[in-house]
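Comments concern the structure below.
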Amino acid sequence: MYSVDDFRRMFVDPIRHRAMVDALEESLTPGAIVLDLGSGPAMYGFHALRLGAGHVYAIEPHQAAVALGEQLALQNNLADRITFYSSMSFDVELPEKADVLVADLRDSVPFFQRNLDSIVDAKTRLLNADAIIVPRSDRGLMAPITSPTLRTRFSSWAENSAGIDTGPAAELIANQFHYDHLELDQLRAEPVSYGTVNYGVDTGGSTPVGWSGVVDITSNGIIDALGLWFESDLTRNVKLRSGPGGARIYRTKQLPIFPSVAVQRGDRFEFSLRADFTGSAYRWFWHGAHAGERTIRRCSDLAVVTPKAVRAT
């Protein structure tokens, strides 16, 4: 669950903030009823009120964030125009239907827990038939990347002064998600799309999440992981992206390739990714080799295998 400071970092990220404000300005009409789903302290709910929304309903399960939002509403004389619910949206009934839904329920990728189901449920029960949903759609992107930070996590276990064999620790790290900022020069191939979400239409498991194939290596270096990020159509005219050059609040999800692989421009690298929806979350499977998958029981929702680089002929 996010902390209150996580919500602060979201709205001070200049790229994300500008895009969200532009999306609100395009979507709102005077007097519109707004549903702010996963609102935190409802900073964008307050912004919607400043833009002329008639009322905002803010739903957020984090009690401390809701308490802060209620205090901010009182402090800014907006308490009569915003209603907070400290709950999951599935358990909320609104006194009226909303005209605009604002919902950023992503992790570093669009496919996260029950976020798709939450928005479809809200569209079905809590919105007017012609309501606007922000965002409209997301496209997941991924590429093999170099990650010095992740490489250090592996090496720091191995290079211990006691001379302890830390192989099990490396295996554990190899089967966990890692998060970090991603720069353009860390990409070792052109990004490919592994899944698209149409919000308010797609539910968890209703859209395939995965990709399998071969990419051409575009620069010399090391492949340490598969990096995952997204690009979004918030509205018809407003876009937002994470990853290289995008909003930094969404750190890139990194799926380790262990051991790392040295590649050269012109090489071909084969890998695959798959995510299966379990009803409450996604189980991720990935590999970069033609060998079979190996699954670590302790991290049963993840699987990774040793990679292989294929020289161009």
Side-chain angles (χ1 to χ4, degrees), residues 2 4 7-8 10-63 65-106 115-138 197-202 232-240 247:
Y2 294 121
V4 171
F7 291 113
R8 176 195 63 81
M10 289 178 193
F11 74 79
V12 300
D13 182 299
I15 294 176
R16 178 183 183 271
H17 179 70
R18 184 68 263 165
M20 292 294 290
V21 169
D22 289 347
L24 282 173
E25 291 177 346
E26 182 175 325
S27 303
L28 285 176
T29 55
I33 305 302
V34 175
L35 172 56
D36 191 350
L37 187 58
S39 64
M43 295 302 293
Y44 292 107
F46 293 134
H47 198 88
L49 293 176
R50 296 296 194 196
L51 290 173
H55 199 91
V56 170
Y57 297 98
I59 302 177
E60 170 57 53
H62 192 299
Q63 294 183 358
V66 169
L68 175 59
E70 291 174 335
Q71 292 175 18
L72 293 175
L74 288 169
Q75 186 73 21
N76 290 273
N77 298 315
L78 295 171
D80 61 334
R81 297 172 60 198
I82 186 167
T83 304
F84 283 90
Y85 296 85
S86 181
S87 175
M88 297 294 290
S89 60
F90 299 104
D91 302 321
V92 172
E93 296 286 347
L94 298 182
E96 58 186 327
K97 297 291 183 71
D99 304 304
V100 178
L101 169 65
V102 179
D104 185 351
L105 305 179
R106 312 174 186 89
N115 65 327
L116 304 187
D117 292 344
S118 297
I119 296 176
V120 168
D121 174 69
K123 179 182 179 181
T124 302
R125 298 189 305 108
L126 307 177
L127 303 183
N128 286 315
D130 58 350
I132 295 172
I133 296 176
V134 179
R136 300 177 70 197
S137 64
D138 283 350
V197 170
N198 293 298
Y199 287 107
V201 176
D202 295 328
S232 178
D233 288 334
L234 294 182
T235 65
R236 190 178 301 277
N237 298 306
V238 180
K239 299 184 181 298
L240 172 66

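Given the structure is predicted, the values throughout are model-derived calculations rather than measurements. Computed from heavy atoms alone, side chains included, the values below leave out hydrogens, waters and symmetry copies.
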Of the non-hydrogen atoms in [X] and [Y], which two are nearest, and what is the gap between them?
{"X": "Asn77", "Y": "Asp80", "answer": "O-OD1, 4.1 Å"}
{"X": "Ser232", "Y": "Arg106", "answer": "OG-NH2, 3.1 Å"}
{"X": "Gly45", "Y": "Asp36", "answer": "N-OD2, 3.2 Å"}
{"X": "Gln63", "Y": "Ser86", "answer": "CG-OG, 3.3 Å"}
{"X": "Pro95", "Y": "Tyr57", "answer": "CG-OH, 3.3 Å"}
{"X": "Gly200", "Y": "Ile119", "answer": "N-CG2, 3.6 Å"}

Would you give the length of the straight line joining atom [atom1] of [X] to atom [atom2] of [Y], rounded to the nearest 0.5 angstrom?
{"X": "Asp121", "Y": "Leu116", "atom1": "CG", "atom2": "CG", "answer": "12.5 Å"}
{"X": "Ile33", "Y": "Leu126", "atom1": "CD1", "atom2": "CG", "answer": "13.0 Å"}
{"X": "Arg18", "Y": "Asp13", "atom1": "CZ", "atom2": "CG", "answer": "13.0 Å"}
{"X": "Arg236", "Y": "Lys239", "atom1": "CZ", "atom2": "NZ", "answer": "10.5 Å"}
{"X": "His55", "Y": "Ile82", "atom1": "NE2", "atom2": "CD1", "answer": "7.5 Å"}
{"X": "Leu234", "Y": "Glu26", "atom1": "CG", "atom2": "CD", "answer": "9.5 Å"}

Within a strict 4.5 Å, meaning less than it, do heavy atoms of the [X] and [Y] side chains meet?
{"X": "Ile133", "Y": "Leu127", "answer": "yes"}
{"X": "Arg8", "Y": "Met43", "answer": "no"}
{"X": "Thr29", "Y": "Asp99", "answer": "no"}
{"X": "Asp91", "Y": "Tyr85", "answer": "no"}
{"X": "His62", "Y": "Val4", "answer": "yes"}
{"X": "Val134", "Y": "Leu24", "answer": "no"}
{"X": "Leu94", "Y": "Val92", "answer": "yes"}
{"X": "Pro135", "Y": "Leu240", "answer": "no"}

Does [X] use its side chain to pair, donor to acceptor, with the backbone of [Y] at less than 3.5 Å?
{"X": "Asp22", "Y": "Val238", "result": "no"}
{"X": "Arg16", "Y": "Met10", "result": "yes"}
{"X": "Arg81", "Y": "Ala53", "result": "yes"}
{"X": "Asn128", "Y": "Asp130", "result": "no"}

note = residues 11-48 vs ring-ring contact (aromatic ring centres under 6.0 Å, His included), sequence neighbours excluded, gives His17-Tyr44
ask   = Just by distance, with hydrogens left out, do Asn198 and Ser137 show a side-chain donor and acceptor under 3.5 Å apart?
value = no
